[in-house]
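Here it is, the structure, as structure tokens.
In what follows, chains are A, B, ... by sequence order, proteins preceding strands, each numbered from 1. This is a predicted model, so every value here is computed, not measured.
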Amino acid sequence: MQDNQAAQGSTDQASEQAGEHSYRAQAVEAAAQQYWREQRAYEVKEDPSRPKFYCLSMLPYPSGALHMGHVRNYTIGDVISRFQRMNGKNVLQPMGWDAFGLPAENAAIKNKTAPAKWTYQNIEHMRGQLQRMGFAYDWTREFATCRPEYYRWEQLMFTRLMKKGLAYRKNAVVNWDPVDQTVLANEQVVDGRGWRSGALVEKREIPQWFLKITDYAQELLDGLDTLPGWPDAVKTMQRNWIGRSEGLEIHFAVEGEAEPLTVFTTRPDTLMGATFVSIAGEHPLALKAAQGNTGLASFLDELRHGGVSEAELETQEKRGMATGLSAIHPITGEKLPVWVANFVLMGYGTGAVMAVPGHDERDFEFAHKYDLPIRQVIAAGDETYDPDKWQEWYSDKTRADMRVVHSGALDGKNYREAFDYLAATLEGEGKGQRRVNWRLRDWGVSRQRYWGCPIPVIYCSKCEAVPVPEDQLPVVLPEDVAFSGVQSPIKADPEWRKTTCPQCGGPAERETDTFDTFMESSWYYARYTSPGADAQVDERANYWLPVDQYIGGIEHAILHLLYFRFYHKLMRDAGLVQADEPATNLLCQGMVIAETFYRDNADGSKDWINPADVEIQRDEKARVVGAVLKSDGQPVRIGGTEKMSKSKNNGIDPQAMVEKFGADTVRLFSMFAAPPEQSLEWSEAGVEGMARFLRRFWREVTTHAAGPDHAVVDPAALDAGQKALRRQLHETIQKVGDDVGRRHSFNTAIAALMELLNALGKFDDHSEQGRAVRHEALEAMVLLLNPVVPHVSHALWQVLGHPAEVLEDQPWPKADEAALVRDSLTLAVQVNGKLRGTIEIAAGASKEQAEQLALAHPNVIAFMEGQSVRKVIVVPGKIVNIVAG
RNA sequence: GCCCGGAUGGCGAAACUGGUAGACGCAAGGGACUUAAAAUCCCUCAGCCGAAAGGCUAUGCGGGUUCGAUUCCCGCUCCGGGCACCA
């Protein structure tokens, strides 16, 4: 390296002389970053005299290296942070590591290392990569969630929740690999088999810890209405996930059983159409019926095969078997057969449903398959009911002409009337009651894995489950372990679990399960506000919270973002924070995608080839006609544009891009190529376009700065061209502020700045006022671009004659209203809604003047030939539409 | 299967509250500069018809509302996200 530099000395000198006008990203970025580091430019503390702004991006899992999804997420956060700071806010932007999780265990097996060591190495590497991107983080607040200093507080919270009854233990179903003798994550079940062993996965019930999120269901639902700054899609998904439904619980007596079978239904109006009852395979009644019924027992056994994920359960072929039991219809006394059905979920409602095949699509299908009776009890208008073919209206309770039929006393009632009548009747007879049911289930937080936060519970044969006393926390996970594979080291080590019961002092054992990693990511945002606090958070949390802007992937719309809201309410109810919701504004960014390329192997498999190694071929109309591998010139196949992934080898390494183009160019492209919530297609040619823009901007500023001293703009002395450029400048200031601040439409903000630079390139005016206008424009552009390309702005601000230290807190430019005034406007002229021309009209002209001018337009006259004016619509400043006929 | 999104030139996109569809960028074609390359600059660029003026068609597909629909409504198709143990 040293030798090469010496040999190229003369070239360096040559470029040094040209240097003033040529943009060299690496040097510019190193200088700016060194300056920020030395100045501690992004370290913040509470300051009640200024409005605060807490800008938070979802913390990364330290998987090994930064990927483009991170770059995109964190650039959005950084742009918003820098923008808010220039708008006078005291901005907190922190960063940390979601350090527990399954991939560390997999890597540990593969690389024969400890999960902790692998994790810490990744953090070191990725921190350097983030710093190289120039993100304005307060690094003094950084933490990794796998450290006891962090997780001790969630252990403390958990023990307190146990005492409040908000944490409890019950059996729950997991995926069991019978060969590896281990619990599998849903992700580790591929086509119903364990990913390592290939064995058919079974469902197995084991005791696990739960948090009572259902106690907060109503508040989590209502809270969504207090979040106008969250995307509607996320709120709708959460509403549906929480799934509040009002219905009746109805008790069906079962022949020969003391206990009734309770079903939940949202359609009691169809009660008289129930022809059988379906129960889940895990329902106690099913298990009881299977005793002494080998056919049913083996069916239930079959249902135990396969994974537990809802997607898998819901897409299975609908299957069932009669239990031989009969339920008694609570109104008619009719005997209804009780069936086990694989689509009835034990986790929802009571695990039993009354089947109304006449008006429920799944029951309809099931009844046809097993030849069970179908009975119509709903009619709508003059629709004909056909028991052989499903039609949507059969289940539509919202139709105004819907009435109950063939149901005795219910006949003629609509949904609401039938609901109320039956609720009163059944409640009166003790056969049922009104009930609000939730789709939301309690949060199972136990994981049978090593690399997670130990659950702080001690089991004693006398005292059962005892929370670890507060003075014995944290329960520390040993990090220096041999991790060979299947078995968790703390489960394998009989010594680690040995302890004494805090209540009776007798011999006892520790819980060896660890927490779901969503536990750590549910409260990290609060810990950033209180570094070093000797509590989960301290009073500083109430200065910074709630988060003003939260940014992360849409894939977190439900799980993380619901647990995040729930945990915040737990902390609020523990007196730790005051706000009701953790974040007021949410931005969900789309994925980063890239083209895929492959070659077919002889065995039918595919070799995926990285886009960086491929050259695209086009015809003269620029259409893609093929692609070749750069190294051998031979063709490769094009496989479509997909999410960047290891499996398709279409990931683009951000580090390679930063080394080639610089961080500012990468940041600029991520913000320009697509609006933030849409998917972003990576294109190296597109990145080159951004580099071109920065070079032009650099040249424009440096050549201007090298010229004669500028004067101050005198608005009264400007000629038409100067005025026009200045108007465009102030329109751009207005647009960029609105696009970045309100709309988060970064791509259009950048496009407006590109247009302004194009206009400056054509502005060949070197008069004193010309230079003054250009100077005003270039200074504003440096400031407007600062959030996106802070290194370039840092350097060019000095080139324009300002000392470095003022840029960070320089006020955001304001548009000059006087410069925005237009003398004339262009209106579109339509005849019958079709554009036929445009007219120029004075800004203050009346509707009548616009109408007259439009009617006089030669093309309008031509199209009006032989027709008369029926009506004229004038939208001031926009269009004139002449309706002719 | 269920819930939530998305679809606009060769490509990424823009059109913010129903008002000139395609700003900006990429790719491509033509040209200038240069010994050459790189870099840079200029011109063209939705499709079709036309010498031009201009016209016709066009925002995934099929309908509808409206003076006017990429935008609103109804019905589809395809693609993506989530489905509770990936994070």
**Prompt:** Do we see a donor-acceptor contact under 3.5 Å between the side chains of A:Asn650 and A:Thr596?
**Reply:** no
**Request:** Determine which nucleotide pairs with B:A84, using a 3.5 Å limit on both distances of a Watson-Crick or G-U wobble pair.
**Result:** none
**Asked** Can you give one letter per nucleotide of nucleotides 65-70 of chain B, 5' to 3': B if a protein heavy atom sits under 4.0 Å from the base, S if only from the sugar-phosphate, - if neither?
**Response** --BS--
**Complete:** Among the nucleotides B:G55, B:G1, B:A27, whichever has the atom closest to the side chain of A:Phe863 is B:G55
**Message:** Quick check on B:G81: syn or anti? Syn means the glycosidic torsion is within 90 degrees of zero.
**Reply:** anti
**Request:** Answer with yes or no whether the side chains of A:Trp230 and A:Gln238 bring together a donor and an acceptor at under 3.5 Å.
**Result:**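 Checked: A:Gln238/A:Trp230 side chains show no N/O donor-acceptor pair below 3.5 Å.
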**Message:** Distance criterion of 3.5 Å, no angle test: do you see the side chain of A:Gln448 paired donor-to-acceptor with the base of B:C85?
**Reply:** yes
**Request:** Please check if any side-chain donor atom of A:Asn758 sits under 3.5 Å from a side-chain acceptor atom of A:Arg696, or the reverse.
**Result:**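 Checked: A:Asn758/A:Arg696 side chains pair up, N/O donor to acceptor below 3.5 Å.
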**Asked** Under 4.0 Å between a side-chain N/O of A:Arg623 and OP1 or OP2 of B:C45, yes or no?
**Response**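 The answer is no; no side-chain N or O of A:Arg623 sits under 4.0 Å from OP1 or OP2.
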**Item:** Considering all heavy atoms, the nearest A:Met591-A:Arg72 contact
**Value:**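 Where A:Met591 meets A:Arg72 most closely, the heavy atoms are O-NH1, 3.3 Å.
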**Listed nucleotide nearest any side-chain atom of A:Met591, set B:G10, B:G80, B:A87** =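 Of the candidates, B:G80 comes closest.
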**Prompt:** Any side-chain N or O of A:Arg692 under 4.0 Å from OP1/OP2 of B:C26?
**Reply:** yes
